[in-house]
J.: 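There's a structure below that I have some questions on.
Predicted model only: the values in this text are computed from it and were never measured. Below, chain A is the first sequence line, B the second, and so on; all start at residue 1.
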Protein chains: 2
Amino acid sequence: MQKKPYISMSVIRRLPRYYRFLVDLDRRGILRVSSKELAEKMGFTASQVRQDFNCFGGYGQQGYGYAVHQLREEIGTILGLDRVHKCILIGAGNLGKAIATHISYNFAGFELIGIFDRGEQVVGQSLAGLTVLPYGNLRSFCAENKPVMAILCVPHTATESIVDDLYALGIKSFWNFSHYDISLKYKDALVENVQLNDSMMTLCYRISEIEE
Amino acid sequence: MQKKPYISMSVIRRLPRYYRFLVDLDRRGILRVSSKELAEKMGFTASQVRQDFNCFGGYGQQGYGYAVHQLREEIGTILGLDRVHKCILIGAGNLGKAIATHISYNFAGFELIGIFDRGEQVVGQSLAGLTVLPYGNLRSFCAENKPVMAILCVPHTATESIVDDLYALGIKSFWNFSHYDISLKYKDALVENVQLNDSMMTLCYRISEIEE
DNA sequence: TAGATTGTTAATCGATTAACAATC
DNA sequence: TAGATTGTTAATCGATTAACAATC
């Protein structure tokens, strides 16, 4: 509850994992957890867990541990999971469908308010409680509903022109599943990349390494 | 071409990005590239690029730069992209379908040889050139074809028992899209996690942060 | 030769771990 | 009070950046 603590990006990247774990403990009615226990379950050191929680004050009690529910809430607040950022999805292929379903099951700060596709057969389909709209409707939809984030599930060859459109319509945050590099052109865009290809190549390296 | 250089994991995680970029340059017929140029395009420093390439000998020439094609090949070899690791996919929902399609387009060290699902309607469908098989066939299929890696696109509640089955059948490498934590139970398993949830929460943090 | 750019060492920075006093 | 466990400082480790001599 400090006023805007500085939290480094490496800590931020760990917060979702803590959060997921705490949600599970909370659901099971467990009230307290020690840094040692958390560390073991998550593959960190106890020292690191305490260091991490100290960034934002924490809810630790010496000799006792951390109050699960409070800590969970605090981390949720820091991550902004209690907000409702309106977002749209571009591309309703298999991946787009998976993400749309995923996002509607996993409330995490976002509300999906529109899905767009260029394909004749896809437009009009029902998906995650929404109807897939034609890409041509994008402009009027954005003017009216003001989404702040766009999820890009389109082939990477199509991504550039779509990002141009979206950026012009005022969307500057992207969850990008294509491997087109948005930041190269739009320096001030906020981009979270999910690079399946990179993940696959890294896995390939690790498997190849143990094989020889 | 050194004999097994040590490359740190942070460098490894950058190699796919270099690789993708070099493939692009190579395709465009560009023969040389400097560390400065690469750095600018990828958001690193030139120093880091040189440091990275030095881990494995590199193909740099002073006063000239790096030979694109050779460097690309070398990185590909290090990543093991020239290998063919046989893998299977469990779960042919939207995400599974997307991954199956993805992997068959993006050759990167893996060959998808089997797809399994428990759902009546899905089994028998054709996907990425394969027919979706019933989960019950898993044992005999593995005995015969010896896949080394499994892609998990199943709900996280189902993951544990599936991993138990796979591990017993000799599969110890996983590309895991569920958020069940495999490493907790199987310490020697090689796991590459794709945590969509974590990625979404991190994005939420970053958007929330700039909003206030 | 002069200019460019690498390879490599040294300096800096940040993140992780260890240690222990504070305190519940 | 004794035991447990945090909060926090100091030590270590590793990764990034800067600098420049080597050399194409």
J.: Rounded to the nearest angstrom, tell me the gap between atom CZ in A:F56 and atom P in D:dG7.
T.: 10 Å
J.: Please report, rounded to the nearest Å, how far the C1' atom of D:dC24 is from the OH atom of B:Y59.
T.: 18 Å
J.: Counting only Watson-Crick or G-U wobble pairs whose two distances fall under 3.5 Å, which nucleotide matches D:dG7?
T.: C:dC20
J.: Which base, if any, makes a Watson-Crick or G-U wobble pair with C:dT12, both distances under 3.5 Å?
T.: D:dA15
J.: Indicate whether any N or O donor in one side chain lies under 3.5 Å from an N or O acceptor in the other, for A:N197 and B:Y19.
T.: no
J.: Compute whether any side-chain donor of one residue and acceptor of the other, for B:D164 and B:Y186, lie under 3.5 angstrom apart.
T.: yes
J.: Using whole Å, report how far CZ of B:F53 lies from C1' of C:dT5.
T.: 14 Å
J.: Does C:dG7 have OP1 or OP2 sitting under 4.0 Å from an N or O in the side chain of B:Y66?
T.: yes
J.: Does a salt bridge link B:R13 with B:E192, judged by any charged N lying under 4.0 Å from a carboxylate O?
T.: yes
J.: Salt bridge check: are B:R17 and A:D198 linked by an N-O gap of less than 4.0 Å?
T.: no
J.: Does a donor on one side chain and an acceptor on the other come within less than 3.5 Å for A:D52 and A:Y18?
T.: yes
J.: List in numerical order all residues of residues 24-52 of chain A for which some heavy atom is under 4.0 Å away from an atom belonging to DNA chain D.
T.: A:R32, A:S34, A:S35, A:R50, A:Q51
J.: Taking for each residue the nucleotide of DNA chain C with the nearest heavy atom, is it A:V11 or A:G63 whose nucleotide lies nearer the 5' end?
T.: A:V11
J.: For the residue pair B:P155 and B:S178, establish whether any side-chain heavy-atom pair is separated by less than 4.5 Å.
T.: no
J.: Would you mind telling me which of D:dT16, C:dT8, D:dC24 lies closest to the side-chain atoms of B:N54?
T.: C:dT8
J.: A:I12 CD1 to C:dA15 P: how many Å, rounded?
T.: 12 Å
J.: Any donor-acceptor pair under 3.5 Å between the side chain of B:Q62 and the base of D:dT23?
T.: no
J.: OP1 or OP2 of D:dA22 sitting under 4.0 Å from any side-chain N/O of B:Y64?
T.: no
J.: Are the side chains of B:L166 and B:F174 in contact, using a 4.5 Å heavy-atom criterion?
T.: yes
